[in-house]
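What follows is a single structure, written as structure tokens, with notes after it.
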Amino acid sequence: MIIKRKIRFFSVILAFSVFMSLLIGVKFQSQWLNNLNLAGQQLIQHRSVFADVSFTYITQLGSVTFTLILTMILSLFFIYHQQYRLLVFLLVNVVLFAGVVTQIIKYLVRNPRPIPQLLSEHGYSFPSGHTMIAILLYGTLIIIIQTRMQNSLLKYIAVIMLSILIIAIPTSRIYVNVHYPSDILAGLALGYGLLIISQHLFQIGGKHT
């Protein structure tokens, strides 16, 4: 248990360090960051009709509208079952962290989005809001499922599917060219760090299940 806690602690420190490095790179328009973005775009942006359609649908799973609907459904489920700690855990991660915190950072950094875009998006790019939603919403569900679901097979399938979404949604944002790879990495790093801190604060998992 102590070793697990230490690993988690250092993983959070590493995540925030990655985020800060990317933030500094964006603010100073570092060449290493430009090289990273170019390499990521060349790796992912191989256009095809199938990929265009697939990533266009996948990216909607991290949209504000879909997130609000899913969050409302989950909130009603937790209220019905009187799981108020899980309810607050969800709302803090999605509304506060993925919503408010992301928008504050976007406004402070004011990094423009790449162009041309396959899907039209407005606002600033750093960090990726869809990526923050992906890891904080679907990551929250993974934590809850791992600690509350009894059926091992269903638990395994659910975790795998949600993990795929956490990878696929951010990837789709690079593919449709509304975010740089650095925006995605920043969202993953910051979102992961906030998720683990939130899990610790609300004591979800482990001996608190």
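Residue numbers run from 1 in the order of the sequence given. Here the structure is a predicted model, which means the values were calculated and not measured.
- Shown here for S198 and V92, the closest heavy-atom pair between the two residues is OG-CG1, 4.4 Å.
- Transitive grouping of hydrophobic side chains (ILVMFWY, heavy atoms separated by less than 4.5 Å) keeps L119 and Y124 in distinct clusters.
- In this structure a side-chain-to-backbone donor-acceptor pair under 3.5 Å is missing from T59 to F55.
- Contact annotation: the side chain of I169 never approaches that of T131 to less than 4.5 Å [non-hydrogen atoms, C-beta and beyond].
- Side-chain contact between N93 and L194 is absent, with no heavy-atom pair separated by less than 4.5 Å.
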| said: Between Q41 and N37, is the side-chain hydrogen bond (donor to acceptor under 3.5 Å, both in side chains) condition met? List the steps. | reply: CA-CA 6 Å; Q41 289 170 326; N37 287 332; over 6 Å; no
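- Distance check: I144 CD1 to L90 CG gives 6.0 Å after rounding to the nearest 0.5 Å.
- Between P114 and V178 there is no side-chain heavy-atom pair separated by less than 4.5 Å.
- Between P127 and K106, the closest side-chain pair of non-hydrogen atoms falls below 4.5 Å.
- The hydrophobic clustering, which links ILVMFWY residues whose side-chain heavy atoms are closer than 4.5 Å, places Y57 and L137 apart.
- In this structure, A39 has no side chain to side chain contact (heavy atoms under 4.5 Å, CB included) partners at least two apart in sequence or on a different chain.
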| task | For the pair Q83 and R148, evaluate side-chain hydrogen bond (donor to acceptor under 3.5 Å, both in side chains) and give the outcome as yes or no after the intermediate values. | result | CA-CA 11 Å; Q83 297 290 335; R148 298 301 174 108; 3.1 Å; yes
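- A 6.0 Å sphere centred on OH of Y107 holds no more than 12 heavy atoms belonging to other residues, nucleotides or ligands.
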| request: Kindly indicate, with the supporting measurements, whether the criterion side chain to side chain contact (heavy atoms under 4.5 Å, CB included) is fulfilled by V176 and Q117. | output: CA-CA 6 Å; V176 299; Q117 301 170 351; over 6 Å; no
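- Y180 and V18 are assigned to two separate hydrophobic clusters, defined by single-linkage of ILVMFWY side chains at heavy-atom distances under 4.5 Å.
- Atom CG of L188 is separated from atom CG of L195 by 11.5 Å, given to the nearest 0.5 angstrom.
- Q199 places a side-chain N or O within 3.5 Å of a backbone atom of I204 that can act as its donor or acceptor partner.
- No cation-pi contact links R8 to F10, judged by a cut-off of 6.0 Å to the six-membered ring centre and 45° from its axis.
- Side-chain atoms of N177 and Q45 include a donor-acceptor pair closer than 3.5 Å.
- A distance of 12.5 Å separates CG in L162 from CD1 in I135, rounded to the nearest 0.5 Å.
- Taking hydrophobic clusters as Ile, Leu, Val, Met, Phe, Trp and Tyr residues chained together by side-chain heavy-atom distances below 4.5 Å, M72 does not share a cluster with L61.
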| said: Could you walk me through whether L33 and V26 satisfy the side chain to side chain contact (heavy atoms under 4.5 Å, CB included) test, starting with their C-alpha distance in whole Å, then the side-chain angles of each, then the deciding distance to 0.1 Å, before giving a yes or no? | reply: CA-CA 7 Å; L33 193 73; V26 168; 3.4 Å; yes
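- With a 4.5 Å cut-off on side-chain heavy atoms, T171 and I174 do not count as touching.
- Taken from NE2 in H179 to OG in S128, the straight-line distance is 3.5 Å, to the nearest 0.5 Å.
- In this structure, L153 belongs to a hydrophobic cluster whose other members, linked by side-chain heavy atoms under 4.5 Å apart, are I157, M161.
- Scanning for side chain to side chain contact (heavy atoms under 4.5 Å, CB included) contacts around I69 gives T65, I73, with sequence neighbours left out.
- Geometric assessment of R85 against the ring of F78 yields a negative cation-pi assignment under the 6.0 Å and 45° thresholds.
- Heavy-atom neighbours of I160 CD1 from other residues, nucleotides or ligands within 6.0 Å: above the threshold of 12.
- A donor-acceptor pair under 3.5 Å is formed between the side chain of R113 and the backbone N or O of H122.
- In terms of heavy-atom proximity, M132 sits nearest to F97 at CE-O, 3.7 Å.
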| request: For ring pair (Phe, Tyr, Trp, His ring centres under 6.0 Å), just list the numbers for F19 and Y192, CA-CA rounded to whole Å, side-chain angles, deciding distance to a tenth of an Å, and then say yes or no. | output: CA-CA 10 Å; F19 173 76; Y192 171 81; over 10 Å; no
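- Inter-residue side-chain proximity for Q60 and S63 is flagged as met; some heavy-atom pair is nearer than 4.5 Å.
- Nearest heavy-atom pair across A158 and I145 is CB-CD1, 3.8 Å.
- Residues L141 and I79 fall within the same hydrophobic cluster, defined by Ile, Leu, Val, Met, Phe, Trp and Tyr side chains chained together at heavy-atom separations under 4.5 Å.
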